[in-house]
Amino acid sequence: MSAPSVPMGGLASQAVRPADPSPFVVQATRDFAIAAPVWSELDPAGSAFQTQEWIKPWFMTLGVPSGAEPLFVTARARATGRPVALFVLCVRRRWGVRIAEFPDFGVSDYNMPICAPDLAVTDAELAALWVGVRDAVPGVDVFWFDKMPEALYGRPVPFARLGWMAPIDLRCWTLELPASRALYDSQSLKAKDRKEHKRKRRNLVERLGELQLVEAATREQAQAFYRALKAMRAERFRRQGRRDLLRIRRFARFYETLVLTGWPGFVSLALVKAGDAPVAAIMGLRRGGAFVLIMHSFNAELEQWSPGVVALDALITYLIDKGFRRCDFTTGNESYKLQFGVTPGGMRQGHDAVTRKGRLYAAAMSRWAGLRQNLACKCGGLARLLRRMATPRWR
């Protein structure tokens, strides 16, 4: 896919000092074309949310319309010139403060630099490397990092160790897939969960008939499956009084563009059907040997028969049969994930304020986050009612 048409004025800043003891050289650019070779070289070591297939649609549909400019910061080993890390960031202005952050706005589950698999640094080297990153980016008031996993598929993320990054309650969840469904049942699932999965599937089959999971095989089918997912999600969220990103036009455009440009190969869409009737829909990303689950929903009329659990159980069988090594349930502490034998992973967040303006912004946002959390705990019912009342006006 060609690079999006976004403002990417030259930014050639290099953090090199005459007596710099750091074993790394850091450079920054806003140009996709300049970053592309390093991006391609390090790409296999990153998450699905730092790939070009994800980031380019993000800038086209969410970043540019919101005034976010791309920023790519590359760290190379001073001795060899080999790239060891790439930060794919965006810079936007909010309340007069220039913020550098990972492209997210609520759609990316993992925010992390792409690091070479063999990058091993001491705490002192890591601190020096981060100073290099800061120095390479002029004009930023604060670096604001959220949802950074401590490790990705067993490989530590070094920058999660930075002193200003702190653990958060949010977890990420990964299921390592065995070679067969029989091994999954006997080794990964608890006995009570295995029994419940079979019971729920049996109840749904008795009501609807035999179920099958069908993955989209054509572009038209992928788009149709996405529309089915969107419709199921809209109805479920309407009933629950929840905010649905897909009813907000810019977010809907992001996912529609992702389907259009990322299928086949990167984006996967599937339906669980009873005959011709859709029961549940699943959207995920293919990343090496991992299936990254980013969205799923089901027919709200069938909720009492647990179609969501049945659909995910069918997905796991399908992934095992296709030779996937893991199913990544990504972030969120929803209790249903515990039914599938997942392993939790730690997440971190933090900010590094460069200027006084950045420090004031960070203090205000931290205070607001605490206030919002307290209000959510005390006024959860009222908040849900207000969201339900607001739902028809979302566009």
SB check Arg325 Glu176 (cutoff 4.0 Å):
no
Check this for me: does any side-chain nitrogen of one of Arg253 and Glu256 sit under 4.0 Å from a carboxylate oxygen of the other?
no
Evaluate the salt bridge (Lys or Arg N to Asp or Glu O under 4.0 Å) criterion for residues Glu215 and Arg286: first the C-alpha distance (whole Å), next the side-chain angles of each, then the deciding distance (0.1 Å), finally the verdict.
CA-CA 13 Å; Glu215 188 175 19; Arg286 293 171 173 264; 2.7 Å; yes
Mind checking whether Phe159 and Phe87 have ring centres under 6.0 Å apart?
yes
Please tell me if the side chains of Leu71 and Val73 come closer than 4.5 Å, counting only heavy atoms from C-beta onward.
yes
Would you call the rings of Trp54 and Phe254 parallel, tilted or perpendicular, where under 30° means parallel and over 60° means perpendicular?
perpendicular
Evaluate the side-chain contact (heavy atoms from CB on, under 4.5 Å) criterion for residues Leu246 and Tyr226: first the C-alpha distance (whole Å), next the side-chain angles of each, then the deciding distance (0.1 Å), finally the verdict.
CA-CA 11 Å; Leu246 297 186; Tyr226 170 74; 3.7 Å; yes
Could you go through the side-chain contact (heavy atoms from CB on, under 4.5 Å) check for Ile99 and Val91 one step at a time?
CA-CA 5 Å; Ile99 306 163; Val91 178; over 6 Å; no
Tell me whether Leu260 is reachable from Phe59 by hopping between hydrophobic residues (I, L, V, M, F, W, Y) whose side-chain heavy atoms are closer than 4.5 Å.
no
Using modelled atom types only, decide if a donor and an acceptor are shared between the side chain of Lys337 and the backbone of Trp173 within a distance under 3.5 Å.
no
Strictly under 6.0 Å, is that where the ring centroids of Phe72 and Phe32 end up?
yes
If two hydrophobic side chains count as joined below 4.5 Å and joins carry through other members, does Tyr336 share a cluster with Ile282?
yes
Can you give me the closest heavy-atom contact between Glu53 and Leu258, atom names plus distance?
O-CD1, 3.6 Å
Is it true that Arg239 and Glu301 make a salt bridge, defined as a side-chain N closer than 4.0 Å to a carboxylate O?
yes
Flag, side chain of Arg171 to backbone of Ile168, donor-acceptor distance under 3.5 Å
yes
Heavy-atom nearest pair, Trp263 first then Arg219, reads O-NH1, 3.1 Å
Has Arg242 got its NZ or CZ under 6.0 Å from the middle of the six-membered ring of Phe237, at an angle within 45 degrees of the ring axis?
yes
Can Val279 and Phe298 be said to form a side-chain contact (heavy atoms from CB on, under 4.5 Å), step by step?
CA-CA 6 Å; Val279 174; Phe298 54 82; 5.6 Å; no
N-O pairing of Asp104 and Lys147 below 4.0 Å
yes
Could you check Phe49, Phe251, Phe105, Tyr255 and say which one makes a ring pair (Phe, Tyr, Trp, His ring centres under 6.0 Å) with Trp58?
Phe105
Determine whether the aromatic ring centres of residues Trp130 and Phe143 are separated by less than 6.0 angstrom.
yes
Could you go step by step and tell me if Arg134 and Val354 meet the side-chain contact (heavy atoms from CB on, under 4.5 Å) rule?
CA-CA 8 Å; Arg134 280 183 44 157; Val354 181; 3.9 Å; yes
If you compare all heavy atoms of Phe225 against all heavy atoms of Val214, which two are closest, and at what distance to 0.1 Å?
CE2-O, 3.3 Å
Check Pro149 against Asn111 and note the closest heavy-atom contact, atom names and distance.
CD-O, 4.1 Å
For the pair Tyr184 and Asp313, evaluate side chain to side chain donor-acceptor pair (under 3.5 Å) and give the outcome as yes or no after the intermediate values.
CA-CA 11 Å; Tyr184 172 67; Asp313 186 63; 5.1 Å; no
Thr29 side chain to Asp31 backbone, donor-acceptor under 3.5 Å
yes
Can Ile294 be reached from Leu319 by stepping across I, L, V, M, F, W or Y side chains whose heavy atoms are under 4.5 Å apart?
no
Do the charged groups of Lys200 and Asp193 touch, with an N to O distance under 4.0 Å?
no
Does the ring centre of His351 sit less than 6.0 Å away from the ring centre of Tyr361?
no
With side chains defined as the heavy atoms from C-beta onward, is the minimum distance between Met148 and Val157 less than 4.5 Å?
yes
Which residue, Val84, Leu86, Thr74, forms the side-chain contact (heavy atoms from CB on, under 4.5 Å) with Leu42?
Leu86
Is the shortest side-chain N to carboxylate O distance from Asp118 to Arg82 below 4.0 Å?
yes
Taking all non-hydrogen atoms of both residues into account, name the closest pair between Pro83 and Val38 and its distance.
CB-CG1, 3.8 Å
Are Val140 and Val137 side-chain neighbours, meaning at least one heavy-atom pair lies under 4.5 Å?
yes
Identify whether Leu360 and Met365 are in the same connected component of the hydrophobic contact network (ILVMFWY, side-chain heavy atoms under 4.5 Å).
no
Between Lys357 and Gly96, is there a donor-acceptor pair closer than 3.5 Å when you use the side chain of the first and the backbone of the second?
yes
Evaluate the side chain to side chain donor-acceptor pair (under 3.5 Å) criterion for residues Thr174 and Arg326: first the C-alpha distance (whole Å), next the side-chain angles of each, then the deciding distance (0.1 Å), finally the verdict.
CA-CA 7 Å; Thr174 305; Arg326 60 182 57 88; over 6 Å; no
Salt-bridge present (Asp244, Arg233; N to O < 4.0 Å):
yes
Taking the basic N atoms (NZ, or NE/NH1/NH2) and the acidic carboxylate oxygens, is any pair closer than 4.0 Å for Arg92 and Glu101?
yes
For the residue pair Leu229 and Ser297, what are the closest heavy atoms and their distance?
CD1-N, 3.6 Å
